[in-house]
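What you are looking at is a predicted structure, and each value in this text was computed from that prediction instead of being measured.
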2 protein chains.
Amino acid sequence: MNLTERKTKILHAIVRNYLETGEPVGSRTISKYTDLNLSSATIRNEMADLEEMGLILQPHTSAGRIPSDKGYRVYVDEMLREKEQEVDRMQEMLLEKEEKLEKLLQQAARQLALSTNYASMVSLPRAVGNKLKFIQLSRLAHDQLLITVVIEGNIIKNRVIDLDDLEEVLDEQTMLKLNILLNTRLNGLSVEEISLGLIAALKSEAGVHSEIIAQVIDAAAESIRADEGLEIYTSGANNIFRYPELADQQKASELINTFEEKADLRSLAEESLQATAEDNAIQVYIGAESPVQTMQNCSVVTATYDLGDGLRGTVGIIGPKRMDYDKVVSSLKTLTYQLDQIYKRA
Amino acid sequence: MNLTERKTKILHAIVRNYLETGEPVGSRTISKYTDLNLSSATIRNEMADLEEMGLILQPHTSAGRIPSDKGYRVYVDEMLREKEQEVDRMQEMLLEKEEKLEKLLQQAARQLALSTNYASMVSLPRAVGNKLKFIQLSRLAHDQLLITVVIEGNIIKNRVIDLDDLEEVLDEQTMLKLNILLNTRLNGLSVEEISLGLIAALKSEAGVHSEIIAQVIDAAAESIRADEGLEIYTSGANNIFRYPELADQQKASELINTFEEKADLRSLAEESLQATAEDNAIQVYIGAESPVQTMQNCSVVTATYDLGDGLRGTVGIIGPKRMDYDKVVSSLKTLTYQLDQIYKRA
DNA sequence: GTTAGCACTCGATAGAGACGAGTGCTAACA
DNA sequence: TGTTAGCACTCGTCTCTATCGAGTGCTAAC
């Protein structure tokens, strides 16, 4: 698809105008508010061409034109190329280093929604390596053990297991031995690397306490696996009411549900993490391009942040197709940049 | 306020009918669909009285009547008295004991929303005692310590602290000593009981490592305090779209925001926990009775569950004023009953 | 290739009228 | 005295129609 410069200009004008107003834009508007100095009639001819190419469409015969998904796509691609390096300041985003990453990310989601007037989502980072860093067994009560598992990136999981009454009481000495055994044999391994053979070996070393070892490994593995579902924070879901094309009851209800249930957002984050695995570029899903059914009328823009230590997550904006792509991309770039800076250890 | 039996019957008929249809109910309807055998004219007279008493009101001159907040209140009070003991079966609520309390509660919220067609909220339990049960210091890396704090009710908090480079390296022996020190002196105490004097004593006992003790206590205290904000799960927020009186954009947007931000829900849960401190009865907030501004057009019904071990939390239903109070109360009672059963240790 | 002009389309908006549910009031009845 | 039938009245809702105007495609002229 090769567009003449004039067609490109007209398409951009249509998209931009539609982004602002949300109304179909007519030939006269274009002719008046661009520096093309063309009459509306000429614009009309060009528009007819653009429509034939599937870049814009008419909601009804006597209405102006609105961009099609394909049209947005062309616009966005163009825009991304230009924006490549420019990183807008998200000035007031006061990222004083919060103690808790969770709080920070929640704050980030809120800030994102506030500054763009779209809905936002942020995923907690996922530890890609999933390597065990530390395991600790402690006695909580005479029949309860606390297992603390630390995964690469200082993600900490706890679990309490109840001991059978049959189990003989564990004395301090034994606890210490078990702890040492577990740490020396398992540290640095990922779940995939913990083979059945290794488990068997551990069990035999543990002797009478083999049952405990089994439970610990089970718990540890599950702790790590439980991390597979990305935790998602959202904000500004109610912003969808700002855009009539999303605000009707049917669509709004579905979207709200998507935001509350989060399962779809999770897979969206997942997908975008995959997609941007190598270059941490921006992903843009326009309308039907989105993997989420309920977002057929939305556009979704996502970016990936990288805290180092194998911790990567997704931030995203969900809004109407007539989204201010420029601003959204800037905001996301700034945010991911800042997150990267804050947490990347020197 | 003393109502004749006939007035009571008519009021109930109006409320019930309005709950079903959502339409103002006229005198003729009442006359036809009750066993009162009165003409519509008589009903009209009674209705005029009820309106004068502020129990029902007319949206406009030629419309039927709808219950006022006060009217709902009378109806609900009546209903609660009758329902006192009856616990409906929430038949399909398949509460196979989930491992994770979080998952279970989330599931409960979902189930609640599904079975009632209203929005639901469930708070994680709060440890009312806040007594320290166990503290564990572990070395993660040469300059990082992991603090694990267990509060009564097996609520576990973790925290990583970075050691100053100045700090001399801690050997195994010292770690053990510190752990013993912390556990012997702090276990069984609540935050309020940890006095400055106690801290000073601990510090002096710790000698050169007093700085670490300070940090640990700080972290422990903060971990516990961080628990003060109740964690809230919601489900079925989109159910508000089922009820026209809540579904207009302004109201819906505000409600959705309340559900997403959760701060208001948190204080609601808080308040209801307070209110039902002694008897774990049902709380009903009708319209303006609710402490949450955005819920002036809703009714909120909450109940408290008690897992034993000092763990209490709130479950609630948020819906239109014309809520099926009967059903909601039953559902909540069943749910809390089941939660109590599942977790209460024999 | 560009533009002016014109007939045409079609959604949006507003007003008029019909409809009907529901009321309050009055007068008659048991 | 309480209950009821009847009737005029109110007012929101729905439907229909007319009007308006933004925008188009096409043609002919520049």
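- One can place NZ of B:Lys32 at 13 Å from C1' of C:dG22, the figure rounded to the nearest angstrom.
- A donor and an acceptor atom, one from each side chain of A:Thr8 and A:Glu78, are nowhere located under 3.5 Å apart.
- Here the straight-line distance linking atom CG of B:Asn257 with atom CZ of A:Phe241 works out to 10.0 Å at 0.5 Å rounding.
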Counting primed atoms, P, OP1 and OP2 as sugar-phosphate and everything else as base, the B/S/- map of nucleotides 1-15 of chain D against protein heavy atoms under 4.0 Å is --SBBB---BBS---
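- Straight-line distance from the CD1 atom of A:Ile30 to the P atom of C:dT2: 16 Å, rounded to whole Å.
- The distance between atom CD of A:Glu52 and atom C1' of D:dG25, rounded to the nearest whole Å, is 14 Å.
- With a 3.5 Å limit on both pairing distances and Watson-Crick or G-U wobble geometry required, the stems of 3 or more pairs in DNA chain D span C:1-30 with D:1-30.
- For A:Ile43 and D:dG23, the CD1 to P distance is 13 Å, given to the nearest whole Å.
- Within residues 17-28 of chain A, the residues that place at least one heavy atom under 4.0 Å from DNA chain D are, in residue-number order, A:Gly26, A:Ser27.
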Test side chain to side chain donor-acceptor pair (under 3.5 Å) applied to B:Thr334 and B:Ser331, step by step
CA-CA 5 Å; B:Thr334 312; B:Ser331 296; over 6 Å; no
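- Taking atom CG of B:Leu50 as the reference point, atom C1' of C:dG24 lies 16 Å away to the nearest angstrom.
- Here B:Leu255 contributes atom CG and B:Gln250 contributes atom CD; the two are 10.0 Å apart, rounded to the nearest 0.5 Å.
- Annotation: side-chain hydrogen bond (donor to acceptor under 3.5 Å, both in side chains) contacts involving residues 287-300 of chain B, sequence neighbours excluded, comprise B:Arg73-B:Glu289, B:Thr258-B:Thr294, B:Ser299-B:Tyr325.
- Between A:Arg322 and A:Glu20, no side-chain nitrogen of the basic residue sits less than 4.0 Å from a carboxylate oxygen of the acidic one, so the salt-bridge criterion is not met.
- Here OG1 of A:Thr302 is found 10.5 Å from CD1 of A:Ile317. Values are rounded to the nearest 0.5 Å.
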Steps toward side chain to side chain donor-acceptor pair (under 3.5 Å) verdict (B:Arg44, B:Ser27)
CA-CA 6 Å; B:Arg44 278 203 288 284; B:Ser27 53; 3.2 Å; yes
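- Atom CD in B:Gln58 sits roughly 16 Å away from atom P in C:dA21 (whole-Å rounding).
- Of the residues listed (B:Val15, B:Leu11, B:Asp49), the one engaging B:Ile56 in a side-chain contact (heavy atoms from CB on, under 4.5 Å) is B:Leu11, and it is the only one.
- In this view, B:Glu261 and A:Arg110 satisfy the salt bridge (charged side-chain N to carboxylate O under 4.0 Å, His left out) rule, not counting sequence neighbours.
- Not counting sequence neighbours, the partners of A:Lys251 by the salt bridge (charged side-chain N to carboxylate O under 4.0 Å, His left out) test are A:Asp248.
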